[in-house]
Novice: 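Before anything else, here's the structure in question.
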Amino acid sequence: MYELDDLVLFELPVYADVDALSERLRPRWRGWTRREDDLWLVAAEVDADPADLATLLREVEAFVADEGLLAIRFCLDGRFHVMEARALERAA
């Protein structure tokens, strides 16, 4: 699997979500998309500043909520995590 310190991979089940997330991220973060088996990967490159990673994760958290997704998986530094929509936005 990918273990680059400057790359965050987000897993999405359908291509429509890939387009939406890519469109949201590309103005600020470079990256790529790729299909692997039954899911899509959206990669985003972050710089060495920890604030850049924090901003990216907040942006993806807002995307998850805005798209009505409950959660998506992402890989950071070779470890998988789950990104859930903010509790208040899920309840709305």
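Counting from 1, the numbers follow the sequence of the chain as shown.
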Novice: Let's go through V42 and R34 carefully: what are the C-alpha distance in whole Å and the side-chain angles of both, what is the deciding distance for side-chain contact (heavy atoms from CB on, under 4.5 Å) to 0.1 Å, and is it a yes or a no?
Specialist: CA-CA 7 Å; V42 175; R34 178 178 301 150; over 6 Å; no
Novice: Quick check: closest heavy atoms across P13 and W40, and the distance to 0.1 Å?
Specialist: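 Smallest interatomic distance, heavy atoms only, reads O-CD1, 4.3 Å.
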Novice: How many angstroms lie between atom CZ of R73 and atom CG of L9, to the nearest 0.5 angstrom?
Specialist: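 R73 CZ to L9 CG: 11.0 Å, rounded to 0.5 Å.
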Novice: Heavy atoms, side chains only, cut-off 4.5 Å: are E67 and D17 in contact?
Specialist: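 They are in contact (side-chain heavy atoms under 4.5 Å apart), so the answer is yes.
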Novice: Taking the side chain as everything from C-beta on, heavy atoms only, tell me whether I72 gets closer than 4.5 Å to V60.
Specialist: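 The answer is yes, as the side chains (C-beta and beyond) meet within the 4.5 Å cut-off.
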Novice: Is the closest side-chain heavy-atom distance between E84 and L70 below 4.5 Å?
Specialist: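 A side-chain contact is absent here, since even the closest heavy-atom pair is not under 4.5 Å.
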Novice: Does a side-chain heavy-atom distance below 4.5 Å link F74 with V8?
Specialist: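 Yes; the side chains approach each other to less than 4.5 Å.
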Novice: Are D47 and D6 side-chain neighbours, meaning at least one heavy-atom pair lies under 4.5 Å?
Specialist: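 Answer no - side chains too far apart.
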Novice: How long is the span from the CD atom in E61 to the CE atom in M83, to the nearest 0.5 Å?
Specialist: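 Answer for the CD-CE pair, E61 versus M83, is 6.0 Å.
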Novice: Assess whether atom CZ of R79 is packed by more than 12 heavy atoms of other residues, nucleotides or ligands within 6.0 Å.
Specialist: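 Counting other residues, nucleotides and ligands, CZ of R79 stays at 12 neighbours or fewer.
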Novice: Do L56 and F10 have side-chain heavy atoms sitting under 4.5 Å apart?
Specialist: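 The answer is yes; the side chains approach within 4.5 Å.
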Novice: Throw together a table of side-chain donor-acceptor distances under 3.5 angstrom for residues 18-27, partners on residues two or more places apart or in other chains.
Specialist:
residue: D19; atom: OD1; partner: Y15; partner atom: OH; Å: 3.0
residue: S22; atom: OG; partner: V18; partner atom: O; Å: 2.9
residue: R24; atom: NE; partner: E59; partner atom: OE2; Å: 2.5
residue: R24; atom: NH1; partner: D66; partner atom: OD2; Å: 2.9
residue: R24; atom: NH2; partner: E59; partner atom: OE2; Å: 3.4
residue: R24; atom: NH2; partner: D66; partner atom: OD2; Å: 3.0
residue: R26; atom: NH1; partner: W29; partner atom: O; Å: 3.2
residue: R26; atom: NH1; partner: A43; partner atom: O; Å: 3.2
residue: R26; atom: NH2; partner: W32; partner atom: O; Å: 3.4
residue: R26; atom: NH2; partner: A43; partner atom: O; Å: 3.0

Novice: Do you know which two heavy atoms are closest between L41 and E11, and how far apart they sit?
Specialist: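 Scanning both residues completely, I find the closest heavy atoms to be CD2-CG, 3.7 Å.
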Novice: Out of curiosity, L76 CG to L53 CG, how far, rounded to the nearest 0.5 Å?
Specialist: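 L76 atom CG to L53 atom CG measures 5.5 Å (nearest 0.5 Å).
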